[in-house]
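First the structure, which I've put down as structure tokens, then a few questions once you've had a look.
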2 protein chains.
Amino acid sequence: MHSVRRPPAMRDVAHLAGVSHQTVSRVVNDHPSVRSETRARVLAAMRALDYQPNVAARTLATNRSQTVGLVTFDTTLFGPSFMVHAIERAAREAGYFVSIASARELNVPSVTEAIRRLREQAVEGIITLAPVAAAWTALGRSLLDVPAHVPIVGMGIDVHAMPEVPMVAVDNAAGAGLATRHLIALGHRTVHHVAGPPEWPEARERMAGWQAALEAAGLPVPRALPGDWSARSGYAAGRALAADPAVTAVFCGNDQMAIGVLRAMHEAGRAVPGAVSVVGFDDMPEAPYLQPPLTTVRQDFAELGRRSMHLLVTQIATGVRQTGQHRSAPDLVVRESTSALAF
Amino acid sequence: MHSVRRPPAMRDVAHLAGVSHQTVSRVVNDHPSVRSETRARVLAAMRALDYQPNVAARTLATNRSQTVGLVTFDTTLFGPSFMVHAIERAAREAGYFVSIASARELNVPSVTEAIRRLREQAVEGIITLAPVAAAWTALGRSLLDVPAHVPIVGMGIDVHAMPEVPMVAVDNAAGAGLATRHLIALGHRTVHHVAGPPEWPEARERMAGWQAALEAAGLPVPRALPGDWSARSGYAAGRALAADPAVTAVFCGNDQMAIGVLRAMHEAGRAVPGAVSVVGFDDMPEAPYLQPPLTTVRQDFAELGRRSMHLLVTQIATGVRQTGQHRSAPDLVVRESTSALAF
DNA sequence: CTGTTAGCGCATTCAG
DNA sequence: CTGAATGCGCTAACAG
């Protein structure tokens, strides 16, 4: 009976190459001071043994985990799911692993728990997609407990609630302004709004941008209808809107809710864009193929993911906490769900 | 100048509680043989110091990382993004962290690289959402390199290519059969199909189920149109289908492609379901709000995520490699995009 | 340029 | 029921 098959360790490589395990370590870490002939021998031994470094041991010795944590809430939403993808890509390119912790619910204990899990894993930094102001309070508290500052980036967070945390997001207010002014320019006397949940800063910012654009144009500001980002909630709001003949233009907080509004209008016999114009937000890949193709505000999720990762890596490398907002400019994509007001 | 703030280690807790670090370890790991009074003292000390165990050290000592790896490809697709979420939930409940590694592309080197990254992290098991047969060959090779069998679960993999890997998936062929027979029962003389990429086993299984149902009914099997899961590709296929007046029923490989088909039909003036019936696959949350509300095959993604995690945990715990297919039964959800053939 | 010596924080023997 | 010793695999000083 021969020895148990155990993954080869550094010492095995060293033995085979006839050097000390330290030299192997140097080769692994690209330390300059290794004779190239020695290096070649070590590399050959590594290949021969199919050596794989043990991250746990390295983490223990260096106190660096090479891992960043991602706090998510609902990755089934179009935006967040796209971000997860973009962040993973960016992390890999920067040499980091990504570990996910999703918050069960949108409240303080859930987010605190998610952060605790991540910290327990000794992540070097945290990117969060958790959207709630209350959650940010929890995050803030958690951070205060941490001896060294944990590098962190918040995507779509409430900057007022957490000014000390750098944030990356699309300029929601500007995007909402784009959409609203587009509708106003088309001759609509006012624009109605189906909003996302008020707990989400994105939702509040879009609402604020919509309202500001209306006020700037001297137009009345109707009550916004509440939604939860889902097509279902958009449909419910759309039914209410469709019942009011005065409604001719609707700006939706996201594309999914716009889908619901489109459906409700269709059922009520109100043609889009003939009788009412509809604008969404996000520009999901399906938007051009809806009925009618949806005019919407595009945000570049991949770019946002890359920027937040870059910001995080910078903080990790320099050890200095960044702050401030990093906003990317949205574009209005005009398709067929909007048209001039017909008298 | 006082000492550097370093996270409290087990020894600090031990010191404060007046016990050995060993006793602290026992308390942390719920070892039974600790006097409850001692345990209380230790717990108090842990709380006082806000002690957090160091996973790296534990991993090093136990050779268990408490982490499962997730190989993904495109998490922006509805199905995969939902799975990621379900898997994370299930993993947390089972006491595991989840680390993501996405394959850059659908080929052997990319998947091998993703697996290498995961193994380097010493994950205790791997769940993969990577769909390609070729990728599975790579995975198979990687596995052969591993001294001990790495517990693994493939979601939606090609069972023929990798019979030794347990797989979890919806019964795609059955779902396609449901859809196709529904259309046949409605009087359609044949059913056309917009297929997903042939590299995806799901796509092939759905195509096979569609074909089998047609053949069983003694109906002609038209050439399937190629798609890539996107609404854009569905639209392209839909234009071709709309140009052929003989087409009265279309089964799409997923809902997103169905959206494109719906649009193409509308543009061509072919009413759905008046002139042509359309069925999707997945039942995405927006399906009920499309124009018209989409008849589709529902799969329970959350359930699939839970099952695969359960299977993985079982393998990790027992150390025995499972095999075989674990299929969940899909449901047909009939909405308004299908109707009886009108002569 | 290379080897030696110490830990990193924890769990796992084995003694008491 | 509790403590002391040992090592997990690696990096970081320090020597040579």
Side-chain angles (χ1 to χ4, degrees), chain A residues 3-43 45-46 49-67 95 119-122 124 147-148, chain B residues 3-43 45-46 49-67 95 119-122 124 147-148:
Chain A
S3 71
V4 178
R5 280 251 258 160
R6 151 183 75 62
M10 201 170 256
R11 75 149 77 90
D12 302 313
V13 176
H15 188 75
L16 181 59
V19 297
S20 76
H21 71 123
Q22 189 46 242
T23 299
V24 177
S25 172
R26 292 198 178 93
V27 170
V28 168
N29 295 304
D30 278 327
H31 195 91
S33 60
V34 176
R35 207 167 18 138
S36 67
E37 195 254 356
T38 312
R39 173 189 310 277
R41 217 153 20 123
V42 170
L43 288 172
M46 285 176 40
L49 262 36
D50 191 23
Y51 170 71
Q52 288 205 324
N54 179 319
V55 227
R58 175 184 302 194
T59 299
L60 189 57
T62 59
N63 204 23
R64 299 203 44 189
S65 62
Q66 305 176 89
T67 299
R119 285 197 46 212
E120 185 179 313
Q121 270 198 92
E124 294 187 33
Chain B
S3 72
V4 179
R5 278 251 258 163
R6 151 183 74 63
M10 202 169 253
R11 75 149 76 88
D12 302 314
V13 176
H15 188 78
L16 182 59
V19 298
S20 75
H21 72 122
Q22 191 41 244
T23 300
V24 177
S25 172
R26 291 199 178 92
V27 171
V28 168
N29 296 304
D30 278 327
H31 194 92
S33 60
V34 175
R35 204 162 27 133
S36 68
E37 195 254 356
T38 313
R39 174 190 308 279
R41 218 155 18 125
V42 170
L43 287 173
M46 284 175 40
L49 262 35
D50 190 23
Y51 169 71
Q52 288 206 324
N54 179 319
V55 225
R58 175 185 305 198
T59 299
L60 189 57
T62 59
N63 204 24
R64 299 203 43 189
S65 61
Q66 304 176 89
T67 299
R119 286 197 44 212
E120 184 179 314
Q121 270 198 99
E124 293 187 34

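Just so it is clear, the model here is predicted, and its values are computed rather than measured. A, B, ... follow the sequence lines: proteins, then strands. Residue 1 opens every chain.
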### Query
Is any side-chain N or O of B:T23 closer than 4.0 Å to OP1 or OP2 of D:dG3?
yes
## Note on the structure
Of the listed D:dA4, D:dC10, C:dA11, the closest approach to the B:S20 side chain comes from D:dA4
### Query
For B:N29, which contact category applies under a 4.0 Å heavy-atom criterion: base, sugar-phosphate, or nothing?
sugar-phosphate
### Task
Please state how far atom CG in B:N63 lies from atom C1' in C:dA11, giving the value in whole angstrom units.
12 Å
### Task
Find the distance A:R11:CZ to D:dC10:P and express it as a whole number of Å.
9 Å
### Query
By side chain to side chain contact (heavy atoms under 4.5 Å, CB included), which residues pair with A:H15, not counting sequence neighbours?
none
### Query
Could you state the CE-C1' distance from A:M10 to C:dG3, rounded to the nearest angstrom?
14 Å
### Message
Within this structure, what is the CZ-CE distance for the pair A:R41 and A:M46, rounded to the nearest 0.5 Å?
### Response
14.5 Å
### Query
C:dT2 phosphate, OP1 or OP2: any side-chain N/O from A:R35 under 4.0 angstrom?
yes
### Query
5'-most contact on DNA chain D: B:L60 or B:R41, nearest heavy atom basis?
B:R41
### Along DNA chain D (nearest heavy atom to each residue), the more 5'-positioned of B:T62 and B:R26
B:R26
### Message
Test of understanding: with side-chain hydrogen bond (donor to acceptor under 3.5 Å, both in side chains), list the residues that count as partners of A:R35, not counting sequence neighbours.
### Response
none
